[in-house]
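Below is one structure; the comments refer to it alone.
Just so it is clear, the structure is predicted and the values come from calculations on it, not from any experiment. Below, read A as the first sequence line, B as the second, and so on, with proteins coming before strands; counting in each chain starts at 1.
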Amino acid sequence: MKRLVLLMVIVFLSSLLITTVATAGDTVTFTIPLPLTGSKAKFGEIEKRSYEIALEEINAAGGIKGKKVKLVFEDSQGKPEISRAIAEKIIDVKKQPVIFGEYSSSCSKAIAAVAEERKVPYLVVTGAADNITQQNYRYVFRMNPSVSYYTSGLRSFLKEVVKPRTIAIIHESTDFGTKGAEGMVKDAKRIGMKVVLKEKYESGAVDFKPILSKVKSKRPDVIYMVSYVMDAALLMRQIKELRIDAKLFAGGAAGFAIPEFIENAKDASEYVVTATLWSPMVAYPGAKDFAEKYKSRHGKYPSYHGAEAYSALYVIKDALERAKSWSSEDIRKALKETNIVTAFGPIKFEDREGYQNQNFMDTLVLQVIDGKHETIWPLKYATRKYVYPIPRWRDRR
Amino acid sequence: MDAVAIEVFLQTLISGLLLGGLYALIGIGMTLIMGVMKIINLAHGELMMVAMYMAYWLFVLFHIDPYISVFIVAPVMFFFGMAIQRFLINPVLRVESILPENQVILTVGIGMVLANLATLFFTSDYRSTPVKYASDAWYLSDYWRDSPIELSLSVPWTVSFTISVVITVALWFFLTKTDTGKSIRATAQDLEAAMLMGVNVERMRLVTFGLGAALVGAAGCLFIPIYYLYPALGGRFTLIAFVITILGGLGSTVGAIIGGLILGVFESMTATYVGMGWAPVGRFLIFIAALIFLPGGVASLLRSRRLGK
Amino acid sequence: MKRYAPYIIVVLLALLPFSGLSTYMMHIIILMIMWSVIGMAWNLLGGYCGQVSFGHAAFFGVGAYTAGILYFKLGISAWWGIPLSVVVLALEALVIGFICLRLRGPFFALATLAMGEVLRVTAENLRDFTQGTLGILIKERTWVEKTWYYYIILAIAVLTYIVVKKIIESKLGYYFVAIREDQDAAESLGINTTLYKTIALVISAVLTGLAGAFYTNYMGYIDPEVVFALHDISIITIMIVMVGGVATYWGPVVGAGIMVVLAEWIRSLPRIGTAHQTLFGVLLILIIIFLPNGVVGDFSKIKRALGFGRKV
Amino acid sequence: MTPLLEIKRVSRFFGGLAAVMDVSFNVNKGEIVGLIGPNGAGKTTLFNVINGFYKPSRGDILFKGQRISGLKPHRICRLGIARTFQVVKPLQRMTVLDNVVASAFLRSDSKREAVKKAEEILEFTGLSSEKDKISKGLPLGMRKRLEIARALATEPELLLLDESFAGLNPTELVQSIEVIKKIKERGITILIIEHHMKVIMSISDRVVVLNYGEKIAEGTPEEVSRDPLVIEAYLGEAPAA
């Protein structure tokens with residue numbers, strides 16, 4: 001037994017020590033924590049594939065400052081303490097001067113705390129909880145808008161086109177859903193809508209019909225839903241089933257903005273609008289290229305999470321190229337001065353409205369028209385004219 | 001009550017009953033396993049997930065409707081369940097350990113491996129239901145033009161519910177009319193007595209686990225047209241199955257059906273009249289209430305009624 | 001020699017921070033010790049007293065939230081959560097015990113499982129009190145360095161070990177095991193089974209809560225899905241004890257080593273990708289099948305298999 | 001003088017069935033009382049009622065003049081009634097000594113005292129040589145005696161023995177009978193269920209006979225064995241060997 005234990009300890013320790021220092025020789029290695037197993041694995045996977053596409057492009061173009069880039073993905077399983085372990089490993093064992101990656105807000109928070117303490121810059125790529133960039137952290141930067149800002153585009157669409165008087169809000173009970181719903185309540189006040197119903201549910205529910213019957217009885221002009229993944233599709237399918245007619249069905253990004261939404265909701269998804277951070281057809285440089293590349297490899301367009309991950313590597317590249325040295329402090333300074341346009345949109349880290357190092361950007365509105373997500377708002381990015389008013393269920397064929 | 005309130009109530013009730021019927025099928029598999037083998041199967045939901053992938057691929061590759069593939073998937077799951085019982089669970093049941101609950105952890109391990117293998121083989125993509133009729137429904141107003149209220153009845157939900165009822169009835173006949181079925185029930189009621197009566201308990205356990213897996217496999221097929229699919233979906237359904245098992249009474253099919261319906265209606269009513277966010281709390285509260293106030297589940301009520309007190 | 005082993009181990013552990021381990025390794029070791037505490041606590045109730053709880057997340061989470069809410073609502077250092085959680089957890093355990101302990105075997109297991117879930121959903125829904133799913137974020141943790149966290153959790157672990165050992169060697173220990181072996185026999189021998197089960201539950205809950213309060217301070221972030229997790233807390237706890245050795249003093253420690261350190265190692269094996277969970281799952285299944293009483297409990301089997309101890 | 005144990009018109013129903021019906025008898029201090037009857041006569045149920053596992057559906061049980069029906073088993077044990085089980089329930093994975101220590105704690109203040117008491121009792125019941133064995137592996141005779149030892153460790157005034165002789169081989173039987181007699185010498189009152197007619201008739205001072213939950217006879221062994229009702233009850237069932 002002792003021998004066995006000893007052997008195991010040796011193997012374990014050596015496997016930790018052999019890992020190379022991040023910037024040895026003419027390659028630079030980045031370790032990226034992502035949830036690759038468990039319930040959040042889907043998004044970890046999208047991001048991983050997107051990082052890989054960016055990686056190939058960057059290496060084909062000569063790497064970063066002449067160094068080849070290598071990426072190592074570590075599975076955080078969506079557990080904060082494992083994310084933290086990976087972050088500690090990145091800082092301590094791999095001596096990597098900057099961290100980026102992770103998907104969920106809770107894991108991003110765990111890493112942000114470590115990064116700030118250890119004074120290593122951390123670029124949050126997809127974690128959307130407001131409070132990540134409200135902590136006066138100096139070393140934490142965020143590319144994606146916080147969840148409260150996801151709907152700025154949708155708000156102006158509602159105000160200028162739909163002009164609704166009442167709205168019903170259904171949202172998942174996660175932080176993402178709750179904050180999204182609260183954002184809409186504020187928006188509603190601003191544009192003079194009355195919130196007739198606000199209900200939450202636990203994501204993954206099978207049957208939404210009870211709550212939808214209640215929505216139906218309130219006859220709202222707009223039904224706004226903040227849902228992840230397949231809940232969105234189930235909601236629309238069951239709305240169709242119950243023939244709930246509203247002036248507009250609107251989604252708050254996430255589950256409504258991914259290709260699976262149309263696949264699963266089928267004709268029930270038609271004319272549904274959704275806020276989103278990005279779409280494959282958006283006019284940012286490189287967006288379309290990336291989307292097509294992703295589609296040709298993996299069969300469907302990526303969600304905005306993919307674009308975020310893809311662009312994150314470019315943001316890092318940009319910062320490393322501008323940094324005086326590859327010390328954490330210099331990289332932090334370089335990140336702070338970031339001002340580039342990526343496939344995901346313009347990136348600039350600002351301190352305002354209670355946020356620090358936060359990227360603010362216009363969000364888009366998509367509508368499903370003829371079974372495809374089309375950008376309809378703001379008009380300058382529109383790929384197709386919006387359809388409004390939408391037909392009643394009874395009249396659809 | 002005005003028409004709107006009545007409409008909401010009736011629609012909620014319909015939803016609850018349909019949901020309950022499907023829940024029942026998931027629960028029956030577990031109630032059999034828990035009743036006969038006295039083990040907690042935490043891989044129940046994962047078995048359902050495996051079955052759903054089977055049904056999904058049968059449709060995508062061979063265009064076999066999920067409702068037809070029940071007849072393929074359920075038998076396959078039956079043998080899969082028997083294999084798990086024979087090669088993994090039985091060895092653990094046989095060895096001497098301080099806590100018998102180590103078999104529970106075994107099922108956790110099995111569930112973990114199944115979910116991970118599904119990720120490896122099928123990626124963690126969310127798979128949509130492939131069927132065309134997913135959101136079709138029948139409407140009251142189509143049949144009764146001047147109806148003051150509008151009610152709808154989802155096509156796939158109704159079909160799934162009906163098949164679920166048919167399977168349950170078939171199972172009930174199997175358990176009450178056939179020798180094997182009677183032996184299973186005897187084993188569930190009193191292991192020692194069954195052994196004395198010459199029941200081959202080992203074989204009954206095999207059959208039961210197979211049957212449990214087949215039932216939850218059938219449930220998986222029935223969920224394909226109304227739900228969606230990804231590798232980590234098991235856990236939620238395992239928990240639901242527990243609630244139904246306890247509510248209905250260990251080993252009781254009739255209890256599981258009633259338990260499923262109660263749970264379905266209860267969840268729907270909570271969603272409509274309290275708030276959908278509280279539905280999970282409600283679910284576990286009735287679970288605990290059933291454990292404490294009705295330790296034998298609905299089945300014990302049925303039994304005492306039959307005995308005339 | 002054997003008598004001094006615990007002391008030697010403690011001294012070695014106390015010297016560990018000076019060995020120049022990376023903070024990454026320290027993190028893993030801190031997690032391992034934390035899980036040992038939870039495992040030992042669970043073992044007292046489950047392993048010795050035979051009441052298998054599937055809901056220890058209910059205690060871990062409440063401990064974590066005690067610390068978190070003190071910090072967030074009252075602006076007091078979250079470290080006060082450690083002493084306060086003793087009181088809170090004792091009360092919680094009394095309530096849960098009152099509800100669940102009248103049930104036996106699998107029913108008790110399922111009832112505790114439900115309790116954990118009820119608390120999770122409640123914490124998610126009581127947004128004004130717990131911040132709901134937004135979680136509680138501690139802006140500035142007390143130390144950046146790991147050393148103090150390490151000593152604090154080590155102290156808690158040593159305390160837990162001593163508490164468990166003292167209890168098991170006393171009258172309580174005899175009563176716990178008697179209850180595990182046969183509740184009816186125990187009752188007929190004059191043992192107030194309800195009382196002693198409650199005692200086991202309260203002590204187990206309090207110790208688990210300490211680990212939870214520590215977690216808040218150490219990780220600096222909690223939310224209901226993390227600290228009330230059914231799989232990632234409650235079930236992992238049971239696995240730690242079962243894999244390590246039910247009703248043994250060192251079983252939970254060994255189990256925590258396997259479940260944390262070995263899992264971490266397997267997770268970071270190169271080229272294995274996401275298959276690490278399959279590998280780990282298979283390992284668990286093998287341990288349960290071949291070592292039903294865990295690595296420590298069935299140590300003699302391992303020795304025999306490896307060719308040692310033939311002389312015995 | 002009040003009897004040690006008074007059973008007053010006790011009935012116990014399960015569902016609609018009466019397992020014990022309107023049974024009354026007394027046990028006096030220092031006596032050995034045998035409780036006999038065919039299988040299913042309600043003997044063990046009666047023990048469970050006395051010992052507190054079941055509440056009597058009707059009737060009262062008094063111990064030293066104090067009403068004990070409805071108390072929890074551990075309270076009843078503390079008052080001075082200990083029992084053994086027909087299907088032995090040793091604390092399987094504890095050693096023989098620990099089994100007895102666990103029960104000796106009931107009236108000991110320290111572990112040392114409990115261990116001392118336990119060792120004494122093991123000596124008394126002839127189990128000393130087995131004390132470090134895990135109780136699960138013991139032969140049946142030993143396990144039955146262990147049950148008695150464990151019950152004695154709670155220092156009872158009344159000992160309820162449930163078929164302590166069933167399944168023993170002749171040597172074990174002799175040893176066990178010796179133990180019972182020694183227990184009596186210590187002044188402990190015994191109520192014993194036994195199928196073994198020869199044994200029961202030889203050691204009992206009085207015998208109570210149950211059939212279908214009802215008491216059909218009570219008296220000295222000789223009186224009872226001549227009672228026609230008893231003979232009829234046992235007819236068809238061969239007297240247990």
Side-chain angles (χ1 to χ4, degrees), chain C residues 43 46-52 97-98 101-102 104-105 164-200 241-242 245-249 251 291-294 296-301 312, chain D residues 47-48 50-54 71-95 97-115 118 134-136 143 146-156 159-160 162:
Chain C
N43 200 21
Y48 290 105
C49 199
Q51 308 303 306
V52 174
F98 178 75
L101 279 175
R102 63 185 75 197
R104 290 188 184 188
V164 170
K165 196 161 176 333
K166 287 283 170 226
I167 287 176
I168 293 311
E169 284 166 2
S170 74
K171 166 173 150 180
L172 279 178
Y174 280 88
Y175 279 13
F176 289 172
V177 178
I179 290 169
R180 177 189 78 195
E181 291 298 310
D182 197 313
Q183 208 163 307
D184 288 337
E187 183 79 25
S188 76
L189 292 174
I191 299 172
N192 184 346
T193 51
T194 314
L195 174 70
Y196 288 98
K197 285 195 289 185
T198 308
I199 292 175
V241 182
M242 295 228 167
V246 172
T248 58
Y249 294 130
L291 303 172
N293 291 318
V296 175
D298 281 330
F299 194 57
S300 53
K301 274 196 194 173
V312 182
Chain D
F47 262 29
N48 283 335
I50 299 173
N51 146 265
F53 279 144
Y54 301 145
L71 293 182
K72 290 235 179 178
H74 67 89
R75 292 283 307 280
I76 292 174
C77 179
R78 182 163 280 280
L79 289 173
I81 302 179
R83 75 170 286 185
T84 67
F85 293 91
Q86 180 183 6
V87 180
V88 286
K89 289 172 180 278
L91 307 174
Q92 303 220 11
R93 277 161 296 223
M94 290 168 99
T95 61
L97 178 64
D98 285 350
N99 257 279
V100 184
V101 172
S103 26
F105 268 121
L106 184 67
R107 295 188 217 279
S108 310
D109 298 323
S110 69
K111 188 172 165 184
R112 185 178 307 162
E113 195 186 328
V115 172
I134 297 294
S135 51
K136 194 181 165 210
R143 274 185 280 162
L146 174 58
E147 290 248 321
I148 298 173
R150 219 172 47 179
L152 283 177
T154 65
E155 296 175 32
L159 189 57
L160 310 177
D162 196 348

Original post:
If you count heavy-atom pairs under 4.5 Å between each of C/Ile191, C/Asp184, C/Leu195 and chain D, which one has the most?
Top reply: C/Asp184
Original post:
Is it the case that more than 12 heavy atoms not belonging to C/Lys301 sit under 6.0 Å from its NZ atom?
Top reply: yes
Subject >> C/Tyr175: ring pair (Phe, Tyr, Trp, His ring centres under 6.0 Å) partners, not counting sequence neighbours >> reply: C/Tyr196
**OP:** To the nearest 0.5 Å, tell me how far C/Leu189 CG sits from D/Arg78 CZ.
**Re:** 12.5 Å
**OP:** Sort out for me which of D/Thr154, D/Asn51, D/Asp98 touches chain C most, counting heavy-atom pairs under 4.5 Å.
**Re:** D/Asp98
Original post:
Is the backbone of C/Asn192 close enough, under 3.5 Å, to the side chain of D/Lys72 for a donor and an acceptor to pair up by distance?
Top reply: no
Original post:
Would one find more than 12 heavy atoms of other residues, nucleotides or ligands at under 6.0 Å from atom CZ of C/Arg102?
Top reply: yes
Subject >> Value rounded to 0.5 Å, distance of CE in D/Met94 from OH in C/Tyr174 >> reply: 7.0 Å
Original post:
Taking C/Glu181 for the side chain and D/Arg93 for the main chain, is one N or O donor matched with an acceptor at less than 3.5 Å?
Top reply: yes
Subject >> Top contributor to chain D contacts, counting heavy-atom pairs under 4.5 Å, from C/Ala247, C/Ala186, C/Ala185 >> reply: C/Ala185
Subject >> Minimum heavy-atom distance between C/Ser188 and D/Cys77, given as atom pair plus value >> reply: O-SG, 3.4 Å
Original post:
What heavy-atom pair brings C/Gly190 and D/Leu106 nearest, and what distance separates the two atoms?
Top reply: O-CD1, 3.5 Å
Original post:
Can you name the nearest heavy-atom pair linking D/Phe105 to C/Ser170, along with the distance?
Top reply: CZ-C, 4.3 Å
Original post:
Who passes ring pair (Phe, Tyr, Trp, His ring centres under 6.0 Å) against D/Phe47, sequence neighbours left out?
Top reply: none
